[in-house]
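This structure is a prediction, so every number in the text was calculated from the model and none was measured. Ligands are counted one by one from 1 in listed order, and the atoms in each one are counted from 1 as well.
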Amino acid sequence: MNDWIRDVFQGRPGWMNALLVFCGWMAFVYMPWDIFWKPVEADQEVWFGILFTGWAAKVMALPHWFVYGAAVYGFRRRRPWMRTWGAAYAAQVAFGMFVWTVVSVGGFLGFVGGLIAGVPFGLIAWGLYSAEEQFAPRLATLAERYGEWALVTGASAGIGAEFARALAREGVSLVLTARREERLRALADELEKQWSVATRTVAVDLSSPDGAARLADAVRDLEIGILVNNAGAGYAGRVDKQETERLERMVTLNCQSPLVLASRLTPGMVERGRGAVIFTGSAAGHQPIPYHAVYAATKAFDLFLGEALFVELRARGVDVLVLEPGPVQTEFQDAADEISHGGEPPEEVVRVALENLGGPPSVIPGWFNWARANFAQRIGTRPLTAYVARGFMEPRTPEEMK
Ligand SMILES: NC(=O)c1ccc[n+]([C@@H]2O[C@H](COP(=O)([O-])OP(=O)(O)OC[C@H]3O[C@@H](n4cnc5c(N)ncnc54)[C@H](OP(=O)(O)O)[C@@H]3O)[C@@H](O)[C@H]2O)c1
């Protein structure tokens with residue numbers, strides 16, 4: 001509990017934490033009480049100095065609730081939009097307090113009282129607007145934060161290749177690994193030429209039981225500061241029609257190999273007091289998915305593993321993040337024998353991951369994927385979610401595999 005509290009409040013100035021606590025109180029305690037329990041006849045809301053009462057006040061309380069809820073997120077994640085947005089809201093309150101007091105008290109006394117009531121909120125508005133650096137802190141480069149070398153699995157295509165490009169852009173040297181060595185070599189040449197980083201390629205099959213251990217041996221001489229556990233595969237179809245051996249290899253690739261690599265490489269990170277581990281999970285990890293049942297289960301494993309390691313390792317200087325994309329435009333769907341159905345560009349999901357590294361334990365790129373995964377996890381019961389997910393997956397499964 002203490003660690004959690006420290007996690008929530010660390011790194012922000014005291015005034016921002018105070019606003020965070022206030023907005024949290026308003027969003028989770030006061031506004032629900034105000035909207036759902038306070039008698040209608042006693043309700044009052046003020047917007048821009050205009051007083052709303054009764055049912056009008058109930059309706060006008062909803063945008064207030066939204067504002068405080070968004071502010072909790074904005075202060076917690078220090079989103080750049082919070083600066084102007086929070087300042088605008090505080091300015092509106094300052095204006096409202098001033099007008100309200102002038103009108104209700106009247107005369108010179110009302111004017112002075114209005115200033116006394118409005119100025120503190122005006123100062124908050126001004127303070128927020130001026131705090132540009134606090135909302136977009138200039139972070140050290142990834143190499144400075146975590147170390148010179150990164151290991152990216154599944155770097156021969158899709159999301160892994162984009163991770164490698166994004167890390168090289170930040171000056172991080174790279175171990176690139178997958179089965180198709182010629183592709184790894186081509187990417188290594190590109191990164192060396194374009195970003196002057198060092199590279200090493202290791203061709204290995206991570207679906208074989210000792211693949212991850214052999215890879216860890218091959219980088220024993222390097223201080224790996226960032227581990228991107230990204231290699232993975234799916235396999236669409238009904239379980240009685242799927243090949244058992246291919247399912248087993250998928251579980252080794254998606255679950256066992258990331259675990260072995262994390263287990264082998266995090267001791268060095270903990271010893272150095274810095275490091276990062278990224279798991280490419282999937283939004284699929286939030287729900288049972290008929291016709292992708294084993295894949296979804298492997299991604300649930302990655303999610304639970306990563307989120308637990310986040311808590312274990314944070315205090316030791318190691319950041320863990322589970323990236324959970326929805327559909328992405330890569331070779332994944334072909335490799336999984338799915339009927340092609342498009343998706344987000346891989347650069348975008350990598351951008352979201354690196355932006356969130358050092359922040360929350362997991363991130364789902366794209367609001368629609370976020371909404372779908374959260375429906376599955378928080379609102380829908382698991383059996384209901386499984387039926388909904390079947391509706392999504394069945395049309396994407398080849399006829400002969402249904
Ligand atoms: N694309 C999506 O819609 C999507 C959505 C959510 C999550 N994800 C996850 O994102 C990760 C990356 O997938 P992607 O979309 O980039 O797919 P991709 O384009 O098919 O790339 C998969 C990568 O994993 C490597 N790989 C596959 N089997 C391997 C094995 N046995 N041993 C070593 N490496 C292996 C592949 O290289 P080689 O073939 O050269 O070995 C390739 O570099 C996976 O974990 C996937 O589950 C993808």
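- Side-chain contact check for Arg249 and Ser207: at least one donor-acceptor pair (N or O, by modelled atom type) lies under 3.5 Å.
- Heavy atoms of Gly281 come nearer than 4.0 angstrom to ligand 1 in at least one pair.
- In this structure, the protein non-hydrogen atom closest to atom 46 (C) of ligand 1 is Tyr295 OH, 3.6 Å.
- Every atom of ligand 1 with a heavy atom of Thr280 under 4.0 Å away is listed here by number and element: 9 (C), 10 (O), 11 (C), 45 (O).
- Within the 4.0 Å heavy-atom cutoff, Gly234 does not count among the residues contacting ligand 1.
- Taking both residues in full, the closest heavy atoms of Leu354 and Ala166 are given as CD1-CB, 3.6 Å, listed atom of the first, atom of the second, then distance.
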Given Ser173 and Thr199, is the side-chain contact (heavy atoms from CB on, under 4.5 Å) satisfied, shown in steps? CA-CA 6 Å; Ser173 292; Thr199 63; over 6 Å; no
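- Residue-ligand proximity, Leu253 to ligand 1, at heavy-atom distances under 4.0 Å covers atoms 28 (N), 29 (C), 30 (C), 31 (N), 32 (N).
- Polar contact check, Gly154 against ligand 1: a nitrogen or oxygen pair lies under 3.5 Å apart.
- The Pro327 neighbourhood of ligand 1 comprises atoms 3 (O), with distances under 4.0 Å to a heavy atom of that residue.
- Each of the atoms 32 (N), 33 (C) of ligand 1 lies under 4.0 Å from some heavy atom of Val204.
- At a 3.5 angstrom cut-off on N or O pairs, Ala283 does not count as close to ligand 1.
- For a threshold of 3.5 Å applied to N or O pairs, the pair formed by Val328 and ligand 1 contains at least one separation below that value.
- Heavy atoms of Glu324 stay at 4.0 angstrom or farther from ligand 1.
- Considering backbone and side-chain atoms alike, Ile159 places an N or O below 3.5 Å from some N or O of ligand 1.
- The protein heavy-atom contact nearest to atom 20 (O) of ligand 1 is Phe332 N, 3.3 Å.
- Each of the following atoms of ligand 1 lies closer than 4.0 Å to a heavy atom of Ser282: 6 (C), 7 (C).
- Against a heavy-atom cut-off of under 4.0 Å, Ala155 is close to the following atoms of ligand 1: 43 (O).
- Interface of Asn230 with ligand 1, defined as ligand atoms under 4.0 Å from a residue heavy atom, comprises 11 (C), 12 (C), 44 (C), 45 (O).
- One N or O on the side chain of Arg12 and one on the backbone of Phe75 form a donor-acceptor pair closer than 3.5 Å.
- Look at Asp334 and you'll find every heavy atom at least 4.0 Å from all atoms of ligand 1.
- For Trp25 and Phe22, the distance between ring centers is not under 6.0 angstrom.
- You'll find the ring centres of Trp65 and Phe36 inside the 6.0 Å limit.
- Here Phe111 and Phe98 bring their ring centres to under 6.0 angstrom of each other.
- Among all non-hydrogen protein atoms, the one lying nearest atom 19 (O) of ligand 1 is Glu331 N, 3.1 Å.
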Start with the C-alpha gap between Val219 and Leu265, add the side-chain angles, then the distance that decides, and say whether side-chain contact (heavy atoms from CB on, under 4.5 Å) holds. CA-CA 9 Å; Val219 297; Leu265 297 181; 4.3 Å; yes
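- Of the polar atoms of Thr330, at least one N or O is found under 3.5 Å from an N or O of ligand 1, judged by distance alone.
- Between Tyr295 and Phe332, the ring-plane angle classifies as tilted under the 30° and 60° cut-offs.
- If you look at Lys299 next to ligand 1, the close heavy atoms, those under 4.0 Å, all belong to the side chain.
- Remark: minimum distance from atom 28 (N) of ligand 1 to any protein heavy atom is reached at Arg179 NH2, 3.2 Å.
- Protein heavy atom closest to atom 43 (O) of ligand 1, with residue, atom name and distance, is Ser156 OG, 2.8 Å.
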